[in-house]
Amino acid sequence: MDQFAIQFSNLKPGVYSFEFEIDDTFFENFEASEIKKGKVNVMINLEKQSRLMVLDFSVKGFVNVMCDRCLEDFDFAIESAERLIAKFGNEKQEVTDEIITVPESDHEINVAQFIYEYIHLALPPKRVHPNNERGDSLCNAEILKKLEEHKGKEIEDQLEDPRWEALKKIKFN
Ligand SMILES: [Zn+2]
């Protein structure tokens, strides 16, 4: 993950930009990652000041996730912007989600963990296939049909359950 280390000690105050291309191998470095595949472009605008650095991340691309409706994997488009403020201090510390302190004696800041978090934050809680230009869902219709049938079958099975007998009697009497 060395390629995600930004050397800042030799930077004069000013604005610098960095670009990273994230692919599947990136997510292999994070065992707990919900995302295993993706292609994401990350642009970082870094403004170095005397006592702190402001890092503006622009995250844009696709990550492969499972659709909550048809359960098929698909490429979900993500796009987000996040700001990180790194203050120079005595020790490495996370002050808030947005503010960290970085020892002034450090030479570099590794942004891999932040990129990882920002990509996950860009995902909404519910992920479903988008609609096409005609407004039709791009979900796998075959799978949706099977899921519907399965749901019907489950209800039938429940009705076979002796615990449902009483209910059935009420229903059919
Ligand atoms: Zn779907």
Subject >> All salt bridge (Lys or Arg N to Asp or Glu O under 4.0 Å) counterparts of E72, not counting sequence neighbours >> reply: none

Original post:
Under the salt bridge (Lys or Arg N to Asp or Glu O under 4.0 Å) test, which residues partner K151, sequence neighbours left out?
Top reply: E148

Using atom types as modelled, flag every donor-acceptor pair under 3.5 Å from a side chain in residues 33-40 to any protein atom, sequence neighbours excluded.
residue : atom : partner : partner atom : Å
S33     : OG   : I35     : N            : 3.2
S33     : OG   : I35     : O            : 2.5
E34     : OE2  : R127    : NH1          : 2.6
K36     : NZ   : S33     : O            : 2.8

Quick check for you: to the nearest 0.5 Å, what is the distance between [X] atom [atom1] and [Y] atom [atom2]?
X    : Y    : atom1 : atom2 : value
L123 : Y118 : CG    : OH    : 15.5 Å
Q7   : E108 : CD    : CD    : 4.5 Å
N45  : L55  : CG    : CG    : 9.0 Å
C67  : L138 : SG    : CG    : 10.0 Å
E47  : S17  : CD    : OG    : 13.0 Å
D73  : M66  : CG    : CE    : 7.5 Å

Original post:
Got a sec, which residues hit side chain to side chain donor-acceptor pair (under 3.5 Å) with T25, two or more places apart in sequence or on another chain?
Top reply: D23

Original post:
Under the side chain to side chain donor-acceptor pair (under 3.5 Å) test, which residues partner D2, sequence neighbours left out?
Top reply: none

Report whether [X] and [Y] are members of the same hydrophobic cluster (ILVMFWY, side-chain heavy atoms less than 4.5 Å apart, transitive linking).
X   : Y    : answer
I44 : L52  : no
V15 : F88  : no
I6  : I115 : yes
M43 : V54  : no
V42 : L121 : yes

**OP:** Please report the closest heavy-atom contact between V102 and F8, naming both atoms and the distance.
**Re:** CG1-CZ, 3.7 Å

Original post:
Which atom names give the shortest non-hydrogen contact between I143 and C70, and what distance separates them?
Top reply: CG2-O, 3.0 Å

**OP:** With the side chain counted from C-beta on, respond yes when R69 and S137 share a heavy-atom pair under 4.5 Å apart, and no when they do not.
**Re:** yes

Subject >> Partner set under side chain to side chain contact (heavy atoms under 4.5 Å, CB included) for E142, not counting sequence neighbours >> reply: N140, K146

Original post:
Which residues satisfy the side chain to side chain contact (heavy atoms under 4.5 Å, CB included) test with K12, sequence neighbours excluded?
Top reply: Y16

**OP:** Assert yes or no for the condition that the ring centre distance of F57 to F18 is strictly below 6.0 Å.
**Re:** no

Subject >> N41 side-chain N/O to I22 backbone N/O, donor-acceptor pair under 3.5 Å >> reply: no

Original post:
Got a sec, which pairs hit side chain to side chain donor-acceptor pair (under 3.5 Å) with one end in residues 58-67, sequence neighbours left out?
Top reply: N64-D75

Subject >> Where at least one partner belongs to residues 82-103, residue pairs that pass side chain to side chain donor-acceptor pair (under 3.5 Å), sequence neighbours excluded >> reply: D56-R83

**OP:** Check ring pair (Phe, Tyr, Trp, His ring centres under 6.0 Å) between H120 and all other residues, then give those that pass, not counting sequence neighbours.
**Re:** Y116

**OP:** Output all residues satisfying ring pair (Phe, Tyr, Trp, His ring centres under 6.0 Å) with F4, sequence neighbours left out; order by chain, then residue number.
**Re:** F20, F26

**OP:** Please collect all ring pair (Phe, Tyr, Trp, His ring centres under 6.0 Å) contacts where either partner lies in residues 35-55, sequence neighbours excluded, each pair once.
**Re:** none

Subject >> From L46, I100, V111, residue fulfilling side chain to side chain contact (heavy atoms under 4.5 Å, CB included) relative to L84 >> reply: I100

